[in-house]
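Take a look at the structure below.
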Amino acid sequence: MTVRPLSGVRVLDFGLLTAGANTSAMLADLGAEVFKIESGAYLDPFRVVGKSDNADGWWNRSPQFRFTNRNKRGLALNLKDPRGQHVIRALAAQCDVVVENFRRGVLDRAGLGYRELSAINPGIVFAAISSQGDTGPERMNVSFGSTLDATSGIAALTGYEGEEPRISGMDVNYPDQIVSLFAAGMVITAIMEARRSGKGCFLDFSQREVASFTLGEEILASACDPKRTEARRGNAAEGVTQQDAYRCRDGRWIAVTSESAQPGLLAFCAGRTSAEAVAELLARGLAVAPCNDGNDLLRDTALAGVTLVRDEKGQLVKGLPYRLDGRGITIERAAPDLGQHTEEVLRNLLGYDEAKLEELAKAGVTSVTPDVGDV
Amino acid sequence: MGATDLLPLQRFSVIEVNDRDIPQCLRLATSLAGKIAADLGADVLKIEPPGGDPVRRAPPFLPHGESALFQFLNTSKRSLVLDLASDAGRVTLGKLLDAADAVLFEEPASVAAELRIKHATPIEIAAFPVEMKATTRPASEFTILALGGLLHMVGEPERKPLKLGGHQASYAAGLTAFTGLAAALAAREAGRTASAVRISLAEVMQWVNWKAASGADATGVSPGREGKRSEFQIVPCRDGYVAIVYTVTQWPAVRTLIGDPRLDDRKFTTRADRRRNVTELYEVIRPWFADKTRLEVQALAQARGVPFGPIFSPAELLETEQYVARSFFAEVAHPRLGTLRLPQLPVQWNGQSFAPRPAPELPT
């Protein structure tokens, strides 16, 4: 097997939910060793959002957490306790990358911001992913997923013809999904620079900017022509002759794009099952596809490609958005239980002995259970 | 970054091959990946077919008739026209590839087989996963959104599904291709064999839409578009619209913000309660917005930690205080088109942005 691109790279991962945690997951998939840091007092919210029961260990059973945090080791350290902060600083001295998407100022207040950690380790690449970026009058603004559909411009261009704007919604939270696709590449770029120069850097990602960046041509066109009005046009696209979703006889929708006018497509689709309509329109040379739902995606393994895989427990998790040498990934470790690897990592990486580990556990600096109540 | 700083990818050379007869959805992905590398300093040479990349003639257009799409996607690159149907064109390309670190191209390219075995690491962009054996199947961004399940997620349940605004299928794949390219360059620089990278738009869309698969896997029922049944909706305000978004833990703050005692009713206590009574919920919530502007709503909501989202158009973003403060938009001096205002790469490196240089003119 070829040595993977990020083999030998260590990542201190404070990433939460998708934006942060998935950026580190993509680094793990490329061979980096990722230490995910949580604390008993503050779990990755995905452990809570995906809660399905109240039985003991519920925090280790969330599908959303499992999907996103495979291939990582998990540590639980109290960042508010000076002894926890001390451990983090010792870990930072051994790591190449920090990924975090806390609200601005949280790590600074704990003495764990870029200024402090780069003083310990000048080569560290510190990726701060936030809603609005680390500067500017809105830097402290909160957002949640689809807030950024709205404020980035995407929602203004999404909707039925002439009706109100639309957001991707809580089951997609689209702006959260795309940031890691870009941030992972930027972190790799900064790692190369750090290897070459010995100097790390502070990477400041605004998720809102990532979403607006995907509308670059619309922003440019509007800047040059103040009279330009972008309207909501359903599924139509500028420069495309005919494009829409059509309902078929079996009640399913299909999507069609055509460079020439296709009169009668509505009736054509209404008279056929979706499978028949897709097959006949493909034979005509049109771009056409069924509107799949989550169950279709689970069934169609050829379509899934390398995007879904199973971990060592046989459970479904997120795969890769690309393939290397034709292959996806094998999951080397399932998503960690809370604090599963705290002792292992502190022992192996920092040389802590049993007495010291016990002391930290007794003081509640390390833990394997949440100290939050019912959430 | 400032003119005196070395850009981080400056020592790398990347060839972007735009062959003829390639679906636009693939071209846009390839060009976005190349653009990011070029803005970061890589020497990106764009190989265009005779007559130029068809994206030069694709909307939206600038007042002069030039393509805004092309100008955005090709900043900081150089360009060379090569007829890849001719032997001479292929020989020239071969020589360029011998000196390059990576090559970006699309699966249906006439020269794809040759590009896969060259010295430069291949970064290949396709519409579909290998397993579908669908190299020649027609593809568009819209049909890819449908295949990947994202179309199913937006709109009203009884009405047709809706695409998201912008070129999301192509651009998400372009961002992915950039990360694949960065991984390849890092491997090469560390003296390792870089893996060939293959990205398909259909796989990227499914990966982005992973909650549909995880939801269906966990409960047997797929998430889908909920429209007016969703707890998150769009409400009109005095000067536009606002997206209502909040987490479970932010509900008490939403209640305080709106300040209507009817929200204290037990039928709105939990998320399940609010979803069950969503029509009534919005009857109570909606009037609060009527006399407030989007910015007033945002200020009042943020003061209580509530993430409501005012809806801005691309034109309005140009004036957004936050974007202006962060200099998110670069002014690119184009030799023929004048000043072009473009979003810069959405990252700051030690506080510095990466100023794009103008897209190349079609060589004559």
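In the text below, chain A, chain B and the rest are named by the order of the sequence lines, each starting its count at 1.
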Of the non-hydrogen atoms in A/Glu138 and B/Thr320, which two are nearest, and what is the gap between them?
OE2-CG2, 4.5 Å
Exam field: side chain B/Ser195 to backbone A/Leu324, donor-acceptor pair closer than 3.5 Å
no
Does the side chain of A/Glu193 pick up a donor-acceptor pair with the side chain of B/Trp349 at under 3.5 Å?
no
Non-neighbouring partners of A/Thr257 that pass side-chain contact (heavy atoms from CB on, under 4.5 Å), sequence neighbours left out
A/Val240, A/Gln243, A/Ala287, B/Ser140, B/Phe142, B/Thr143
Flag, side chain of B/Gln322 to backbone of A/Gln132, donor-acceptor distance under 3.5 Å:
yes
Keeping A/Asn295 on the side-chain end and B/Ala213 on the backbone end, is there a donor-acceptor pair under 3.5 Å?
no
Spell out, as yes or no, whether a donor-acceptor pair under 3.5 Å connects the side chain of B/Arg137 to the backbone of A/Val288.
yes
Name the one of B/Leu147, B/Leu145, B/Leu151 that satisfies side-chain contact (heavy atoms from CB on, under 4.5 Å) with A/Cys291?
B/Leu151
If we count only N and O atoms by modelled type, under 3.5 Å, do the side chains of A/Thr214 and B/Gln168 hold a donor and an acceptor together?
yes
Would A/Arg66 and B/Asp217 count as a salt bridge (Lys or Arg N to Asp or Glu O under 4.0 Å) here? Give the steps.
CA-CA 12 Å; A/Arg66 181 184 88 218; B/Asp217 180 57; 3.4 Å; yes
Who are the ring pair (Phe, Tyr, Trp, His ring centres under 6.0 Å) partners of A/Tyr322, not counting sequence neighbours?
none
B/Phe328 six-ring centre to A/Arg208 NZ/CZ under 6.0 Å and within 45° of normal:
no
Just so I know, are the side chains of B/Gln302 and A/Met140 near enough to count as touching, which here means a heavy-atom distance under 4.5 Å?
no
Answer yes or no: is there a donor N or O on one side and an acceptor on the other, between the side chain of A/Thr307 and the main chain of B/Trp207, under 3.5 Å?
no
Less than 6.0 Å separating the ring centroids of A/Phe213 and B/Phe72?
yes
